[in-house]
Protein chains: 2
Amino acid sequence: MARRRTTLKDVAREAGVTISTVSRVLNNKTLTVPVTDSTKERVFEAARTLHYMPNRLARGLAAATTQVAGMSFPMTSPLNRADHRDVTFLNLGMLISGVQNVFQASGYELHIFNRLEHDLNPDAPPRRMSLDFIDGLIYVEPNPKYPYFEEVVKAGLPCVLLGENPMEHPVHSVCADDFEEMRQLVSALIRKGHRRIGYLLALLNEPPMDVLKRMEGYCAAHRDAEIDVDYELIRREHVADVPLRDSVTALLSREPSITALLIGRTEVAVDVLGMVQEAGIRVPEDLEIVVVGDDRFFSATQPSLSAMRFDYLRIGAEAAHLLLNAVRGEVDEATSISVPWGFMERESCRLKEFLRTPS
Amino acid sequence: MARRRTTLKDVAREAGVTISTVSRVLNNKTLTVPVTDSTKERVFEAARTLHYMPNRLARGLAAATTQVAGMSFPMTSPLNRADHRDVTFLNLGMLISGVQNVFQASGYELHIFNRLEHDLNPDAPPRRMSLDFIDGLIYVEPNPKYPYFEEVVKAGLPCVLLGENPMEHPVHSVCADDFEEMRQLVSALIRKGHRRIGYLLALLNEPPMDVLKRMEGYCAAHRDAEIDVDYELIRREHVADVPLRDSVTALLSREPSITALLIGRTEVAVDVLGMVQEAGIRVPEDLEIVVVGDDRFFSATQPSLSAMRFDYLRIGAEAAHLLLNAVRGEVDEATSISVPWGFMERESCRLKEFLRTPS
DNA sequence: CTGAAAGCGCTTACAG
DNA sequence: CTGAAAGCGCTTACAG
């Protein structure tokens, strides 16, 4: 039943050589340290018949590398509510695929960690993952205040942050250049002829950096075209005491009327579309709509909603490459990579020909 | 920068004792092997000032246990489409929470593995996770034909399967008793007075076991109440050449009319509700609807949809407990645990008072 | 080309 | 109560 697992020693005995030799041929060190073809054969043969699988713990301990990389993000909400993190989940598959494709090609294995929320019990010591099992970590952290990541970085583990870096500490990171991307988007709308572009901001309690950057991009595009920004067109959605409907109504009643609308949060896009149409405004004839952030339901609305999509597959791949380089020590300073948005052209706004193709 | 990590040896030197002693007090072996309070203090003190963290690789190698358990399921689709696995994703958070709550209480760490699809390249050797890093594995596998799990079980690693066991090999498993649960549900409908209960089956290419069991449960409930089953009321949804609409139409036009409808697949529930209402049938006045499987959108439909919910939080917890017992060798034979469904009562069907409360 | 040996950082009987 | 020592299963200079 629980028969002892075959070790290097077993293989060595079977092949009539030393474990040093077995280790060498099984690890392809045979390039730097030459080995006779015949012994190589014997070793492979022995390993095969004995179903040898190296013990990764021992290997990791001796070689100081596990060939495993980690990826951490919150998969569960503090209240165990299934829908809490759905926004994250929706694109998680793409992100993981992007990462794993790269890792697999490099012989790396991916372990995923659920970063626990401690909101329920802030006094509890933060659960930590054992960093010994991994050579590096990709860290996805929507909450910039979460303290654990900084510890990980300081511990000297190669890390790549997905998103804006909220820390003092320099660290590799991959994210979109929200300023530039929004500027491009708004510029394209202006090139198409729009002069009155409403912008429904996704401001919750505190404005996160990326939203501020987008807002600046919105303004920069106007400045580029020498159009004065009407700040009344930038409406904060979901302010404490202002319901969404009021924000939308205010935006729609502003004169001269807006001809284009940017919706900054995917979750409210369908609702907003409904409110617009209830107000007797035709989309896209009277008003073109672009959502900043894509959702699988946007192709099913009436009309379907055009959206800026974050290319999670590519983001994941870039992060994985960056991490692998960091693990190999091939990159010294903290680098940050910017992945452009993609435009999902649907019925609510045709814009492709006005967008500059990325260089 | 890359300063050497502090090891047991460092702590021992600092505390003026041997590494044996340090190991003992830090691992609370002090119950079986007594240690003076004063040396205990010195050791703790030294460990604290040196920020000692045990190397888990070394510990794992020496102790033959890593205090880490794994959980594996497909998070990515073969085509990297974000929406492919959304059904899984939707409840993943609950499942993970259930597992992790239990693990955490036992000092176990959870590593999550994305089981890769090999549909894209079936010739590629299956990517395998290194079993050396984990003491046990919870395996979630929607595809009963996937061969890898059997290897894992044979390798002697303690395993718990989430779902039906498709293998010959006996293995611990946690799932719902689909036969009994469906029987209870239909019995409740019958107790409420329904005699004509439509059942839209979720049959894709091949009928999976759980759907067959549910169908038997449906029939058993009728038998219990001495009602003849009208097999025309059991419609296969989404058969190759029969569109959903036709199945629904056929179901609704069957005489005498159905007064209750079971929808077997969450994905089509909203569509079916729409078709029913287009046909001029009022829900729930003319027709009560229950979906087998819950979805976060069901509370937003008009009327909101009642549903049987799989209790993923509890399923996860049961699986974790079972795995922990298996790791400890406290459970010998393959046990399978059945977790009951829960009823989410909403507007489309009031049924709570007719359901037997679980004993 | 191959082997003997030290070492990775721990745990755990076994002595004392 | 504490220590010396063997061992977990590997890797990797260092000899030969």
Side-chain angles (χ1 to χ4, degrees), chain A residues 2-44 46-47 50-68 130-133 135 155, chain B residues 2-44 46-47 50-68 130-135:
Chain A
R3 66 193 180 295
R4 199 177 55 78
R5 206 166 114 182
T6 85
T7 70
L8 262 197
K9 217 187 280 185
D10 301 318
V11 179
R13 192 184 311 113
E14 175 84 11
V17 292
T18 315
I19 62 166
S20 322
T21 305
V22 175
S23 174
R24 276 187 211 109
V25 340
L26 259 31
N27 288 313
N28 281 331
K29 302 279 184 193
T30 171
L31 299 171
T32 59
V33 185
V35 177
T36 314
D37 278 349
S38 76
T39 66
K40 241 193 277 192
E41 254 323 304
R42 289 212 313 285
V43 168
F44 280 131
L50 265 44
H51 295 107
Y52 173 70
M53 292 285 283
N55 183 320
R56 303 280 240 92
L57 287 172
R59 196 207 283 264
L61 185 59
T65 164
T66 59
Q67 300 291 105
V68 172
S130 51
L131 273 21
D132 297 317
F133 291 117
D135 288 349
Chain B
R3 66 193 182 294
R4 199 177 55 77
R5 203 165 117 183
T6 84
T7 69
L8 261 196
K9 219 187 277 183
D10 301 317
V11 179
R13 191 183 312 112
E14 174 83 11
V17 292
T18 315
I19 61 166
S20 322
T21 305
V22 176
S23 173
R24 275 185 213 111
V25 340
L26 259 31
N27 289 312
N28 282 330
K29 301 280 183 191
T30 171
L31 298 171
T32 59
V33 184
V35 177
T36 314
D37 279 349
S38 76
T39 68
K40 241 193 278 192
E41 255 323 303
R42 289 214 310 286
V43 168
F44 280 131
L50 266 43
H51 295 108
Y52 172 71
M53 292 284 285
N55 183 320
R56 302 282 239 95
L57 287 171
R59 195 207 283 264
L61 185 59
T65 164
T66 60
Q67 300 292 105
V68 172
S130 52
L131 273 19
D132 297 319
F133 291 113
I134 54 177
D135 288 349

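Lettering follows sequence order; numbering is per chain, from 1.
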**Student:** If you compare all heavy atoms of A:A155 against all heavy atoms of A:L131, which two are closest, and at what distance to 0.1 Å?
**Tutor:** CB-CD2, 4.4 Å
**Student:** Taking only residues two or more places apart in sequence or in another chain, which ones pass salt bridge (Lys or Arg N to Asp or Glu O under 4.0 Å) with A:D10?
**Tutor:** A:R4, A:R13
**Student:** Distance check, rounded to the nearest 0.5 Å: A:L26 atom CG versus A:M53 atom CE?
**Tutor:** 11.0 Å
**Student:** Using only atom types and a distance under 3.5 Å, with no angle test, would you say the side chain of A:T66 pairs donor to acceptor with the backbone of A:G60?
**Tutor:** no
**Student:** Once side chain to side chain donor-acceptor pair (under 3.5 Å) is applied, do any residues pair with A:D132, and if so which ones, sequence neighbours excluded?
**Tutor:** B:R5
**Student:** Could you spell out the base pairing of DNA chain C as a dot-bracket line? Use Watson-Crick and G-U wobble contacts where both distances are under 3.5 Å, [ ] for crossing pairs, | for partners on a different strand.
**Tutor:** |||.||||||||.|||
**Student:** Do any side-chain nitrogens or oxygens of B:T21 fall under 4.0 Å of OP1 or OP2 in D:dC1?
**Tutor:** no
**Student:** Side chain to side chain donor-acceptor pair (under 3.5 Å) with B:T6: which residues, sequence neighbours excluded?
**Tutor:** none
**Student:** What residues, two or more places apart in sequence or in another chain, satisfy side chain to side chain donor-acceptor pair (under 3.5 Å) together with B:R24?
**Tutor:** none
**Student:** For the pair B:T7 (side chain) and B:K9 (backbone), establish whether a donor and an acceptor sit closer than 3.5 Å, ignoring hydrogens and angles.
**Tutor:** yes
**Student:** Any N/O pairs under 3.5 Å between the protein and nucleotides 9-13 of chain C? List them or say none.
**Tutor:**
from: C:dG9; atom 1: N2; to: B:A58; atom 2: O; distance (Å): 3.4
from: C:dC10; atom 1: OP1; to: B:Y52; atom 2: OH; distance (Å): 2.8
from: C:dC10; atom 1: OP1; to: B:N55; atom 2: N; distance (Å): 3.1
from: C:dC10; atom 1: OP2; to: B:L8; atom 2: N; distance (Å): 2.6
from: C:dC10; atom 1: O5'; to: B:Y52; atom 2: OH; distance (Å): 3.2
from: C:dT11; atom 1: OP1; to: B:N27; atom 2: ND2; distance (Å): 2.7
from: C:dT11; atom 1: OP1; to: B:R59; atom 2: NH1; distance (Å): 3.1
from: C:dT11; atom 1: OP2; to: B:S23; atom 2: OG; distance (Å): 2.4
from: C:dT11; atom 1: OP2; to: B:N27; atom 2: ND2; distance (Å): 3.1
from: C:dT12; atom 1: OP2; to: B:K29; atom 2: NZ; distance (Å): 3.3
from: C:dA13; atom 1: N6; to: B:R24; atom 2: NH2; distance (Å): 3.0

